[in-house]
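Below is one structure; the comments refer to it alone.
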Amino acid sequence: MRRNVLLGEWVLTEIVTVPTAPFDGQAPGTSGLRKKVRVFQQANYAENFIQSVFDVVKPQPGAALVIGGDGRFHNRTVIQQAIRMAAANGYARVLVGQGGILSTPAASHVIRKYGASGGLILSASHNPGGPDEDFGIKYNIANGGPAPESVTGEILARTREIAFWLTIEAEDIDLDRLGEVTVGDMTVEVLDPVADYADLMEQLFDFDAIRKAVSSGFTMRFDAMSAVTGPYAMEILENRLGFAPGTVVNGTPLEDFGGHHPDPNLIHAKELYDLMMGPDAPDIGAASDGDGDRNLIIGRGRFITPSDSLAMLAANIEIAPAYRGRLSGIARSMPTSAAADRVAEALGIPCFETPTGWKFFGNLLDAGKVTICGEESAGTGSDHVREKDGLWAVLLWLNILAVRDISVDQLARTHWARFGRNYYARHDYEAVDSAAAATLMDELKARLPTLAGEMFGSLTVSRADSFSYTDPVDHSVSENQGVRVLFEDGSRVVFRLSGTGTQGATLRVYLERYEPATGAIDAETGVMLEPQIAAAHEIAGIAHHTGRSAPDVVT
Ligand code: G16
């Protein structure tokens with residue numbers, strides 16, 4: 001037990017040591033520890049994980065910690081506990097978003113702007129919220145990005161041997177009141193979660209051009225999905241850019257996201273999709289997810305896949321003031337389509353292929369090797385923060401459309417007419433029995449050495465492997481990052497198990513086929529990918545292992 005002296009008043013702040021025992025399965029997944037709320041509500045569960053983080057990162061004297069979350073059920077409870085634990089573990093300062101709110105990209109920005117040593121982001125992203133749904137905790141490092149595998153590995157090891165956690169006796173703070181309070185020896189600042197982020201967006205993009213387009217009749221709908229982006233979108237789109245009141249729908253963050261999945265895809269944002277395909281569609285429809293890092297872009301009558309969005313944004317990014325003349329490179333995750341590679345090639349800049357997970361972009365961004373990154377999982381972002389950023393992507397689209405005076409559909413067609421089109425889809429088989437999913441992947445990996453040369457329908461396998469990545473900056477190696485099967489015609493299928501689910505396993509099957517600019521660039525994606533879909537079923541025995549003949553979600 002340690003005793004601290006509260007400066008000036010000579011009051012002793014007692015550090016309380018709480019005995020505990022390890023929990024199984026506290027491995028951070030693709031993006032932090034995600035479990036059912038009920039799991040997190042067990043005594044010591046969240047505390048063990050947070051203490052393990054603090055034990056690994058060892059806050060130095062004067063260190064500041066950012067804390068915020070997406071407002072889901074259990075957010076406030078964990079925040080209050082994390083504040084007391086931060087005080088006991090030697091942090092000098094905590095910055096916490098008002099109401100416990102900070103979108104993931106805003107948290108990344110706050111960490112960078114205020115020179116914090118890191119941050120705890122409380123979110124299970126696009127997963128549903130509420131007492132019977134999901135919760136999550138992620139640690140981000142001083143660059144604002146998710147902790148790399150070297151750090152998450154140490155955290156996991158620590159969770160397996162933890163014997164006690166540290167806290168202090170202190171009341172909950174008023175999370176809703178802006179300003180500074182003291183907790184033990186530590187200062188806690190409750191800050192406006194939106195202002196810093198909105199100011200940053202205003203520095204990056206040509207708000208005048210967008211405002212001009214809006215006043216000339218450009219319209220949009222932004223669906224915040226009752227999740228964290230509501231207040232950000234209201235401030236930026238309606239207040240600062242002048243979009244009509246009502247442009248932002250579902251704009252109030254709810255603890256259970258109104259009972260919906262805050263996942264901006266064609267299934268969970270179906271209302272938006274239907275609007276955009278109908279006669280009353282505005283010029284652009286967009287949505288973001290639970291914690292504000294994912295994005296969905298739909299033009300009037302035209303859905304843009306995240307992979308295409310990355311390519312189209314990269315090709316036009318220099319229109320935005322902050323990016324003029326400084327596109328150094330592009331990075332995409334391996335399962336993301338190669339549409340961005342074609343842009344990089346045309347522009348004479350490098351394109352990096354990383355494993356799934358934003359953390360793999362951190363080193364490339366820090367080293368200045370890339371300016372824009374993106375993933376098929378609806379994430380796009382740049383070197384302005386170290387997380388993917390839903391509203392950023394929407395604003396870049398708006399900036400480009402406003403300056404080029406072009407519709408989403410026209411922009412897409414012009415892009416494909418220049419670069420050709422990568423037809424792309426992801427098929428998800430959700431809540432599959434974990435053992436069955438593991439067997440599927442094991443059998444698939446066992447077949448890899450002999451797959452080349454085999455024919456599946458009209459497709460012949462040219463190469464098959466398990467993706468492994470060597471980070472070009474720190475040379476760390478990450479193996480087993482998904483199975484790739486490449487066909488002789490240049491098309492491919494990729495198999496991976498999700499690292500973000502909380503129920504059983506989710507099998508993701510990624511399908512891609514390239515059509516040159518001279519080919520059929522305006523065909524139905526499902527039809528174009530039929531041979532790859534059939535091959536994927538045959539190669540992996542999907543129906544045999546999962547008992548499903550069709551995916552639950554197609555994006
Ligand atoms: C997280 C990561 C993303 C990654 C995604 C993949 O997203 O931040 O970088 O692409 O997981 O998810 P899965 O492993 O399920 O395919 P998020 O938005 O859930 O934090």
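Whatever order the structure lists them in is the order used to number ligands and atoms, beginning at 1. Count residues from 1 along the sequence.
If you number the atoms of ligand 1 from 1 as listed, the ones under 4.0 Å from a heavy atom of Thr500 come out as 1 (C), 11 (O), 12 (O), 13 (P), 14 (O), 15 (O), 19 (O). Every atom of ligand 1 is numbered from 1 in the order shown, and the set under 4.0 Å from a heavy atom of Arg508 is 13 (P), 15 (O), 16 (O). Listed by number with element, the atoms of ligand 1 under 4.0 Å from a non-hydrogen atom of Arg496 are 13 (P), 14 (O), 16 (O). Of all atoms in ligand 1, numbered sequentially from 1 with element shown, those under 4.0 Å from a heavy atom of His126 are 19 (O). Close approach to Gly499 involves these atoms of ligand 1, each under 4.0 Å from a residue heavy atom: 13 (P), 14 (O), 15 (O). Shown in contact with Ser377 at under 4.0 Å from a heavy atom are these atoms of ligand 1, numbered in order with element: 4 (C), 5 (C), 10 (O). Those atoms of ligand 1 that come under 4.0 Å of a heavy atom in Ser31, given as number and element, are 1 (C), 2 (C), 8 (O), 20 (O). Interface atoms of ligand 1 facing Thr356, defined by a heavy-atom separation under 4.0 Å, are 4 (C), 6 (C), 10 (O).
Taking any N or O of Trp358, backbone or side chain, at least one lies under 3.5 Å from an N or O belonging to ligand 1. The shortest N or O to N or O distance between Asp291 and ligand 1 is not under 3.5 Å.
Between the side chains of Ser468 and Glu479, no donor N or O sits under 3.5 Å from an acceptor N or O. Checked by atom type, the side-chain pair Thr380/Asn295 shows a donor-acceptor distance below 3.5 Å. Side-chain contact annotation: Asp192 with Tyr197, donor-acceptor N/O pair under 3.5 Å absent. Between the side chains of Asn480 and Ser466, at least one donor N or O lies within less than 3.5 Å of an accepting N or O. Side chains of His545 and Glu443: a donor on one and an acceptor on the other come within 3.5 Å.
For Arg294, every heavy-atom contact with ligand 1 shorter than 4.0 Å involves the side chain, none the backbone. Residue Arg426 does not touch ligand 1, judged by heavy-atom distances below 4.0 Å. Contacts between Asn127 and ligand 1 below 4.0 angstrom, taking non-hydrogen atoms only, are absent altogether.
Side-chain contact check for Trp358 versus Ser333: every heavy-atom pair is 4.5 Å or farther apart. Counting heavy atoms from C-beta on, the side chains of Val553 and Glu430 come closer than 4.5 Å.
Remark: Lys138 NZ to Ser125 OG distance equals 8.0 Å, nearest 0.5 Å.
The single protein non-hydrogen atom nearest to atom 9 (O) of ligand 1 is Glu375 OE1, 2.5 Å, given as residue, atom name and distance. Among protein heavy atoms, atom 7 (O) of ligand 1 sits closest to Lys388 NZ, 3.0 Å. For atom 17 (P) of ligand 1, the nearest non-hydrogen atom of the protein is Ser125 OG, 3.2 Å. The shortest contact between atom 19 (O) of ligand 1 and any protein heavy atom is with Arg34 NH1, 2.8 Å.
Because its NZ or CZ atom is not both nearer than 6.0 Å to the ring centre of Tyr429 and within 45° of the ring axis, Arg508 does not count as a cation-pi partner of that residue.
Atom CD of Glu271 sits in a sparse spot, with 12 or fewer heavy atoms from other residues, nucleotides or ligands closer than 6.0 Å.
The closest approach between any non-hydrogen atom of Gly379 and ligand 1 is not below 4.0 Å.
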### Task
Decide salt bridge (Lys or Arg N to Asp or Glu O under 4.0 Å) for Arg38 and Asp134; before the verdict, give the C-alpha distance in whole Å, the side-chain angles of both, and the deciding distance to 0.1 Å.
CA-CA 8 Å; Arg38 303 269 182 224; Asp134 296 349; over 6 Å; no
